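Just follow the structure's listing: the first ligand is 1, and inside any ligand the first atom is 1. Because the structure is predicted, anything quoted here is derived from the model rather than measured.
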Amino acid sequence: MTSLPPPGSISIDDTIALEQRAGALRDQVFGRQVFVRGVIEVSNFCRQNCNYCGMRRDNRDLRRFRLELDQLRDLIRHGLPEVITDLNLQTGEDTVGIREIVLPLVEMLREETKLGISVCLGTLDPKLYDDLRRAGASYYIIKLETGNREHYRDIHAPGTYEKRLEAIRYLASTGWSVSSGFIVGLPGQTRAHIEETLDLLSELPLAGASVSPFISGEQTPFAGQASADFATTISSIARLRLRNPGYVIPAISALNLLAEDGYVRAINAGANLATINLTPPANREDYLLYKRSRHIMHEKRVRSAIEQAGCTISTVSLAETMRQRRVAAATAS
Ligand code: SAM
């Protein structure tokens, strides 16, 4: 495996060369194709208390919502852009919302559409993972946030570090494609933590991983802290790609809060998944990860970013790509 210099220790020219190499590797493995997935943020109830996240349970000033099943069915039947091949259903850690809303919605999506179904719902009871898988979801997004055990505890990331790793391994062993990821620039993060996290994300049984920039969250213990450094974030994306040629790596909308062309740069640095936000506008502000004024990637922005990066939109879903990979691996063994 190529050994790469840690971010921060390299010049701007070297950073650009790193991004170009990573983009070229993505092209070799996936072509210049970017998956486009929709996301619906179904509920902002959360039993966790992460220091970086505005949806933490101690944030009593947040208006909590669970979208209505009928409203969601209507959105899915009449409001989805044609360009998406996959749909991600995301919530805070809300087992009631998952059982009552997400699960029936997954069943409906499986019956009525050909969309690949991703979910991002937190660390749950394994039975709930199994029920979601049986209902037709196949791609589970569960971020590590940081790959250092003590740092994980200090930032109050969900549950425990051990349980999060156990969940990733359980999901992968029960037929899910699993995507993880981490946040660059979290308070208390050191260079060594980034290295440790990149190592771990490269060793776990993953189909993909993300690198998100830390944006200081309103109504959180980390309010007022500095946001992530753009160069460190983008070079971490490139390094993740160079170490994991086959990973699906998303471009994250918050990158545009750090640099005007942040999203396009992420695609150029090897990212190959873009997300269109489909949460009803009335609820978006309350899905409070950091700031109420979020940078929302709607269809036009996503199409434009992919075009500016000189890429095209994949017509094959993420879920189908993963299914084909599994068949190929089984045939080869
Ligand atoms: N509850 C689910 C879970 O724990 O996986 C999914 C929802 S969670 C709110 C979605 C993601 O938002 C987290 O995994 C975290 O990486 C990201 N996030 C939250 N606060 C953030 C912040 N201040 N800066 C950057 N990313 C943040």
Considering only protein heavy atoms, which is closest to [atom], and at what distance to one decimal place?
| atom | answer |
| --- | --- |
| atom 27 (C) of ligand 1 | Ile183 CD1, 3.8 Å |
| atom 24 (N) of ligand 1 | Ile215 N, 3.2 Å |
| atom 10 (C) of ligand 1 | Gln90 OE1, 3.6 Å |
| atom 4 (O) of ligand 1 | Arg164 NH2, 3.3 Å |
| atom 16 (O) of ligand 1 | Glu145 OE1, 2.6 Å |

Go through ligand 1 atom by atom and flag the ones less than 4.0 Å from a non-hydrogen atom of [X].
| X | answer |
| --- | --- |
| Gly122 | 2 (C), 3 (C), 4 (O), 5 (O) |
| Tyr287 | 7 (C) |
| Lys143 | 14 (O), 16 (O) |
| Glu93 | 1 (N) |
| Cys53 | 9 (C), 19 (C), 20 (N) |
| Gly92 | 1 (N) |
| Tyr52 | 19 (C), 20 (N), 21 (C), 22 (C), 23 (N) |

Exercise for review: Run through Thr197, Leu198, Thr190 and flag the one making a side chain to side chain contact (heavy atoms under 4.5 Å, CB included) with Ile194.
Suggested key: Leu198
Review point. Going from CG on Leu201 to CD1 on Ile249, what distance comes out if it is rounded to the nearest 0.5 angstrom?
Key: 10.0 Å
Revision key, fill the gap. Checking heavy-atom distances from atom 25 (C) of ligand 1 to each of Ala254, Pro213, Gly181, the winner is Pro213
Revision key, fill the gap. Out of Leu289, Thr91, Thr123, Asp94, the nearest non-hydrogen contact to atom 6 (C) of ligand 1 is supplied by Thr91
Review point. Under a single-linkage definition using a 4.5 Å side-chain heavy-atom cutoff for Ile, Leu, Val, Met, Phe, Trp and Tyr, are Val211 and Met297 assigned to the same hydrophobic cluster?
Key: yes
Review point. Any chance the rings of Tyr129 and Tyr140 have centres within less than 6.0 Å?
Key: yes
Check your understanding: Taking the non-hydrogen atoms of Ile142, is any one of them nearer than 4.0 angstrom to ligand 1?
Key -> no
Point to revise | Test item, Phe222 contacting ligand 1 (heavy atom, 4.0 angstrom) | key: no
Practice item. For a side-chain hydrogen bond (donor to acceptor under 3.5 Å, both in side chains) with Ser304, tell me which candidate from Glu307, Arg301, Gln308 qualifies. Key: Gln308
Check your understanding: Salt-bridged, Asp94 to Arg47, with N to O below 4.0 Å?
Key -> no
So which heavy atom on [X] is nearest to which on [Y], and how close?
| X | Y | answer |
| --- | --- | --- |
| Phe65 | Val42 | CE1-O, 3.7 Å |
| Ile155 | Tyr52 | CD1-CE2, 3.8 Å |
| Thr275 | Val302 | O-CG2, 3.5 Å |

Review point. Between Arg241 and Asn272, is any side-chain donor less than 3.5 angstrom from a side-chain acceptor?
Key: yes
